[in-house]
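In what follows, a single structure is set out as structure tokens and then discussed.
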Amino acid sequence: MLAIRPKDTQLRDTQQTVSLEKDGVEIELHGCAVSRRGVFGYWALVVCTAGLAYVASVWYPGMYARLAMRPTQLAQASYIRVQQGDKQLALERVTASPSDGSFESGFGESKERVECNFTNKTELRAFSFRHHCFVFCPTFNAFFAVSQWKDAAWTRGTATQVSGLSNNVVAQRMRVFGKCNIDIQEKSYLQLLWEEALNPLYVFQVASIAIWCVEEYYYYSAAIFVISLASIGSTLVSTKHTARRVRAMANYVCAVRVLRSNVWSDMESSELVPGDVVDLAEPGLDVVPCDMVLLEGNCIVDESMLTGESVPESKVSVVSGDHVLESIDVAAHTFDPAVSRYIVFAGTRIIRARKARSSYPGFSSNSAQPFRATAMVLRTGFCTTKGTLVRSILFPHATKFRFYRDAMRFVWCLAGIACIGFIVNTINLHRLGVSPGEMAIKALDLITVAVPPALPASMSIGMVFAARRLRKAGIFCISPSRINVASKVAVVVFDKTGTLTEEGMDVLGVQTVSQTLREFDELQTEPWGLENTSTMQYPGEDAKVGGRGLSVDVALATCHSLSIVDGTLVGDPLEIKMVEFSGWSIDERNTTSDPHETPTITACPPQSSHQAIRVIMRCFEFAPELRRSSVVTSDLNGRQLAAYVKGAPEVIRDLCHPESVPKNYDTILNTHTQGGYRVISLAGRMLDIDAAQLLNRKSIECDLVFLGFLVFENRLKPATASVLCELRDAKIRTIMCTGDNPLTAVSVAQECSLIAPGTTVFVSHLKQPALCSSDGNMFVPLTSVEWKESTGQSIELDPVTLIPKSTDPHNACKTELNRPYCLAITGAAFAYLERHAQGTPAWKHMLMRGAVFARMSPEQKAALVDHLQQL
């Protein structure tokens, strides 16, 4: 998201501040105009200094702007000087394109949008910086990023009208947004050579060679020259090759069918603009060319190119009344999970697009009502999620490394010594009566000896060879200079499932509940007999909504969001394993005689079972913030309705009827998790037929009846232990960050030696938060987090100092207190301490001691990495 605010009243006409939050920088935009007198003076200075002024302006970009430009209002600026603090980042030309008055747009932040009307203007003024395009808004006398543009109709919840965009609107939007592709301009070899040759070290090297040639050191000069030339050549070839690979990866153009001016036509995807309506079900459209919201039909997509997750995602169309278009924040890097299920992102592969009855016209006025999977373009080019990813590769976050700082200190130290030698040598030569010319050559020669002239060449050659070795391993680096700091990596954070452990899990079994003893039965490793685990009716419950009629095998067969593509189950591998274990088969059936209607997912029991076929009527997919998913099922007649829920054991327990929860719930759960198994709780409830369709998710997922535990075994990858051992030998710290149960994560960490043998593990437990103190004690929030030993020993950590102490003074074991220890932090405790204790010694101690971070959401995982980088 890009937030823009003007400067104070005196300066807001000539400059403004822009916060590029996703790029991690805040920049200032200064309006500039060309000064003829300044340009003449600059080039005169270049000529008088034999080009040295030009070289200096390359090293210090702000020099040219200060000499050749004059400040002016943003509305009349021909150039924009982009500045971060006192450092100039770029000088961008402002372009003007004609406006026919058809472009009315909303600019600004999603919560407080700004309506800018360009109907009274004859031109649109814009400039581009790091593939961010900015358009001038005359109403507020400021530039706004086109990524913040949102059609006024969208804010009212209205998509593009059924006739599509008109040609005039398309032409205007094309001038503003440009082509719908991520086209990276590739620098020529001459440009790369010029930029490399003007590197300060190479300029120093050229000066050194000139001095040596004057002193007739021809062979040494020639050797240094050849080495430098080879170094520059290798760097150019490597950079050019990598740039081509990135450009080929980013740029994608395909044929699409688009509705414009009431006519469907085929064209290239590069001609798309925001607001265009596209048919995703057209043959040949395999990869989505831009970010779009699904209007009709549904589809299954593979988003692994963007997220790295191999699990396909199901996308559904917008339903009137969902307020999806109003809630979409087009300026955000990505969308809220509640909105993402309606969005197909650029770069994702379409596995299946299913058509629905369309409200958009057919190919002729006499054609019947067509069936399509239509979507409306939201963002194009670098404004898309894929474009943001590519831009982060091209312009990575500025990172300060000690290596560079120490290297520059070393060079400046040598330069200081050389300057002292230069002064002393000049004085001595003057006393000896040496001519001024000879004196200058001898003194300058001393500088070339003090600062090694072959240093840049040797470093460049080393980086080239390193880049080649990385490229053979499939790792590409567009900034070879960063390879030097690879050895400075101090911490590596791993996910668990699919990274340290195998991608898929095998079902170990199901542990159901005894209906009479309120305790768990033995673990069942086979699905036979699960159909007889219907739960009993609890006292005081309405017969319509009680527990009678629920069955564990139905929960296993229906509580999922799987789809069927070409006869194969597609979706979460864990859910596929669950269905396979149940022995039921999943099928798609049409509930009406219309072949174009979207079929429903049905679960068919084995022939030996007495259970009827179940139909999945509604599906609430897994939500990371809720840590659960659910479905509403019925029989084929729609008479017997039930809801089934699965999710994290600690979450499901709070949603269940207390009388249905076994007495040994915690004991059995700890037994499984400490054994390294992943545990998922199953629960359900019967629903009233008349009220089921009116209930929302929150109303369905409550007053549940606990059904049992589904236990998975997660095997380590063969290479996990050896890789972690290699990192440990290299003194690189390893951390596990997962969404799984903390005890399961600790067990896996101990199995793969991420936690060294003999190390005591303390797990965080968040109590009722203590947010404030009457005396202002900043350590009060820390007492809300308890740190208990993972195996139940009578030791814990002091919540403030995080030092082990005994909970039983009479049986205090000094051996246990003196053993090395580490921490396992849950997502709830992490979020609480991040909000209330960040910056305290305990917070830093937690980050340094933390070996396992469990029940972490994707946002918390990213935040953890940021906090570790700040240590």
Side-chain angles (χ1 to χ4, degrees), residues 179-184 245-258 266-272 276-318 333-335 337 339-356 372-393 474 476 498 503-504 561-576 588 598 621-622 858:
K179 295 284 187 179
C180 178
N181 57 4
I182 304 175
D183 189 12
I184 303 171
R245 290 294 300 266
V246 174
R247 185 172 188 266
M249 175 198 70
N251 196 15
Y252 176 76
V253 178
C254 63
V256 292
R257 178 156 292 176
V258 186
D266 296 328
M267 62 181 64
E268 287 191 341
S269 60
S270 58
E271 301 300 319
L272 294 175
D276 267 329
V277 177
V278 181
D279 189 355
L280 295 180
E282 280 300 305
L285 182 57
D286 297 325
V287 179
V288 182
C290 54
D291 290 351
M292 293 185 272
V293 58
L294 198 59
L295 300 179
E296 297 167 334
N298 61 74
C299 61
I300 300 174
V301 297
D302 178 6
E303 296 182 346
S304 58
M305 186 270 179
L306 297 177
T307 63
E309 297 289 342
S310 58
V311 179
E313 296 286 340
S314 298
K315 303 294 181 179
V316 296
S317 56
V318 174
H333 166 61
T334 187
F335 299 106
V339 177
S340 295
R341 61 195 302 259
Y342 303 98
I343 308 296
V344 285
F345 296 97
T348 59
R349 186 172 63 88
I350 299 177
I351 299 176
R352 184 192 69 191
R354 176 164 282 157
K355 301 179 182 180
R372 295 192 181 89
T374 57
M376 183 182 70
V377 177
L378 289 177
R379 307 186 295 195
T380 62
F382 281 95
C383 296
T384 62
T385 302
K386 177 184 176 182
T388 303
L389 177 63
V390 173
R391 186 167 53 238
S392 68
I393 296 174
F476 298 91
E503 184 69 39
S561 57
L562 300 176
S563 302
I564 300 176
V565 178
D566 298 330
T568 304
L569 286 177
V570 175
D572 189 346
L574 184 145
E575 293 184 337
I576 294 176
E588 291 183 334
T598 302
E621 296 185 0
F622 178 79

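Using a 4.5 Å heavy-atom threshold, the side chains of L272 and V278 count as touching. The closest side-chain heavy-atom distance from L280 to L285 is below 4.5 Å. At a threshold of 4.5 Å between non-hydrogen side-chain atoms, the residues D276 and M376 do not count as touching. You'll find the side chain of Y252 reaches within 4.5 Å of the side chain of V287, heavy atoms only.
Heavy atoms only, all atoms of each residue included: C290 and T384 are closest at CA-CG2, 4.2 Å. Here the shortest heavy-atom pairing between L294 and G297 reads CD2-O, 3.5 Å. Residues V253 and S269 approach most closely at CA-OG, 3.4 Å, considering heavy atoms.
Rounded to the nearest 0.5 angstrom, L389 CG and I182 CD1 are separated by 8.5 Å. To the nearest 0.5 Å, atoms CD (E271) and OG1 (T380) are separated by 11.5 Å. How far CZ of F345 is from CG of L378: 9.5 Å, rounded to the nearest 0.5 Å. The CG atom of L574 lies 9.5 Å from the CD1 atom of I576; values are rounded to the nearest 0.5 Å.
Of the charged side-chain nitrogens involved, at least one lies within less than 4.0 Å of a carboxylate oxygen, so that E303 and K315 count as a salt-bridged pair. The existence of a salt bridge linking K355 and D279 is excluded, since no basic side-chain nitrogen approaches an acidic carboxylate oxygen closer than 4.0 Å.
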- Starting from the C-alpha separation in whole Å, work towards a yes-or-no answer on salt bridge (charged side-chain N to carboxylate O under 4.0 Å, His left out) for D291 and K386. CA-CA 9 Å; D291 290 351; K386 177 184 176 182; over 6 Å; no
